[in-house]
Amino acid sequence: ASDRKDYVAWGFEKFYTDSYGVTYALFANGTASLVSYDTNLTEIVLGVDGYTLKEIPSSFFYNNDNLISIVIPEGVTKIGDSAFEECSYLTTVTLPSTLVEIQNNAFDWCNRLTSVELPENLTKIGEYAFYYCQAITDLTLPNSLIEIGGYAFYAVPLQLTYIPASVTTIGDYAFYNCTSLASVTI
């Protein structure tokens, strides 16, 4: 979680803590930023009425062993590096249709993550993004996807993968050690 003093800037309005115990910095331009949260929460629905959350900051939920389920609101375009890395009990993530980029290590070692639907606007999956997510067996890559980073799906037991024609870059070992991978259609 971020230090509150980082948010005292031009356009800052106030801090707001929602019913889940998530604290946001609210800005005059209608945007919100995540500041902190109650690390004992098991389920979180992010968002503040009247404000747009644009990103999940790098390492924000890193290594939270209590988080099981999270809903990320419309308006979020980026999930930062290691945002959910090592959230070992995370099983369900609801992603918004506005999501464009999942950065490096975003869900690295979320080994119980079973339910994630990648949105149609997603263009980039960073390196190690779903590294060792050993409970994901089925995943549909969207037709908007351009880049799959190295080791992105390392040791993920995917059974069937279709790589859309839009993909121009597949990083080294992107599907390495995916021992359940039966077929790949390009």
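We count residues from 1, following the sequence as given. Below, each value reflects all heavy atoms present in this structure, side chains not excepted, and no hydrogens, waters or symmetry copies. Quick caveat, the model's predicted, so the values are computed rather than measured.
Taking the side chain as every heavy atom from C-beta outward, T94 and V116 never approach each other to under 4.5 Å. By the 4.5 Å heavy-atom criterion applied to side chains, F84 and N64 are not counted as neighbours. For the pair I163 and L141, the minimum side-chain heavy-atom distance is below 4.5 Å. A 4.5 Å side-chain heavy-atom check between D138 and L158 finds every atom pair outside the cut-off.
For F153, the ring-ring contact (aromatic ring centres under 6.0 Å, His included) partners at least two apart in sequence or on another chain are F130, F175. Listed by chain and number, the residues in a side-chain contact (heavy atoms from CB on, under 4.5 Å) with E101 are K78, Q103, K124 (sequence neighbours excluded). Qualifying side-chain contact (heavy atoms from CB on, under 4.5 Å) partners for N63, counting only residues two or more places apart in sequence or in other chains: D65, E86. Scanning for side-chain contact (heavy atoms from CB on, under 4.5 Å) contacts around P142 gives L118, E120, L122, S144, L145, with sequence neighbours left out. Residues satisfying the side chain to side chain donor-acceptor pair (under 3.5 Å) criterion with T123, sequence neighbours excluded, are absent altogether. Residues satisfying the salt bridge (Lys or Arg N to Asp or Glu O under 4.0 Å) criterion with E147, sequence neighbours excluded, are absent altogether. For T169, there are no side chain to side chain donor-acceptor pair (under 3.5 Å) partners two or more places apart in sequence or in a different chain. The side chain to side chain donor-acceptor pair (under 3.5 Å) check on T98 picks up nothing, with sequence neighbours excluded.
With rounding to the nearest 0.5 Å, the separation of CZ in F107 from CD1 in I125 is 10.5 Å. In this structure, the separation between CD1 on I70 and OH on Y37 is 8.5 Å, given to the nearest 0.5 Å. For the atom pair CG of D81 and CG of N104, the computed distance is 5.0 Å after rounding to the nearest 0.5 Å. The distance from atom CD of E127 to atom CD1 of I148, rounded to the nearest 0.5 Å, is 12.5 Å. In this structure, the separation between CG on D38 and OG1 on T17 is 10.5 Å, given to the nearest 0.5 Å. Between the CD1 atom in I56 and the CG atom in L99 there is a gap of 9.0 Å [rounded to 0.5 Å].
The backbone N or O of S88 lies less than 3.5 Å from a partner atom in the side chain of R112, making a donor-acceptor pair. Although no hydrogens or angles enter the test, the distance criterion places a donor-acceptor pair under 3.5 Å between the side chain of T91 and the main chain of I68. Remark: side-chain polar atoms of N105 are not paired, donor with acceptor, to backbone N or O of E85 under 3.5 angstrom. Looking only at distances, no side-chain donor or acceptor of T114 sits under 3.5 Å from a matching main-chain atom of A135. Between the Y16 side chain and the A25 main chain, no donor and acceptor come within less than 3.5 Å of each other.
In the hydrophobic cluster analysis, where Ile, Leu, Val, Met, Phe, Trp and Tyr join through side-chain heavy atoms closer than 4.5 angstrom, I186 is grouped together with L181. Under the 4.5 Å side-chain heavy-atom criterion for ILVMFWY residues, a single connected hydrophobic cluster contains both I102 and V167. Grouping the Ile, Leu, Val, Met, Phe, Trp and Tyr side chains by contacts below 4.5 angstrom, directly or via other members, places V71 with Y24.
In terms of heavy atoms, G126 sits closest to A152 at O-CB, 3.7 Å. Pairing each heavy atom of P157 with each of Q134, the nearest pair is CG-O, 3.2 Å. Looking at every heavy atom in both residues, G149 comes nearest to A174 through O-CB, 3.7 Å. The two residues L67 and S69 have their closest heavy-atom pair at CD1-O, 3.6 Å. Closest non-hydrogen pair, N66 versus T39, comes out as ND2-O, 3.0 Å. Contact record, C178 with A155: SG-N, 4.2 Å, taken as the closest heavy-atom pair.
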Self-check item: side-chain contact (heavy atoms from CB on, under 4.5 Å) between L26 and F15, intermediate numbers included
Solution: CA-CA 6 Å; L26 305 181; F15 291 107; over 6 Å; no

Quiz item: Would C133 and C110 count as a side-chain contact (heavy atoms from CB on, under 4.5 Å) if you check the C-alpha gap in whole Å, the side-chain angles of each, and the deciding distance to 0.1 Å?
Solution: CA-CA 5 Å; C133 290; C110 292; 4.1 Å; yes

Practice problem: Would you please test Y20 and V45 for side-chain contact (heavy atoms from CB on, under 4.5 Å) and show each step? | Solution: CA-CA 8 Å; Y20 289 94; V45 177; 3.2 Å; yes

Quiz item: Given V22 and I44, is the side-chain contact (heavy atoms from CB on, under 4.5 Å) satisfied, shown in steps?
Solution: CA-CA 8 Å; V22 178; I44 299 175; 3.8 Å; yes

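Of the options T52, V100, L95, L53, a side-chain contact (heavy atoms from CB on, under 4.5 Å) to V76 is made by L53 and by none of the others.
No donor-acceptor contact under 3.5 angstrom links the side chains of S82 and S58, judged on distance only.
Pairs engaging residues 39-58 under the ring pair (Phe, Tyr, Trp, His ring centres under 6.0 Å) rule: none recorded [sequence neighbours left out].
With side-chain heavy atoms closer than 4.5 Å counting as contact, directly or through intermediates, the hydrophobic cluster containing Y132 also holds W109, Y128, Y131, Y151, Y154, Y173, Y176. Summarising the hydrophobic clusters (Ile, Leu, Val, Met, Phe, Trp, Tyr; side-chain heavy atoms under 4.5 Å, direct or chained), the residues clustered with Y62 are none. Here Y162 is tied to no hydrophobic group at all, with no ILVMFWY side chain closer than 4.5 Å.
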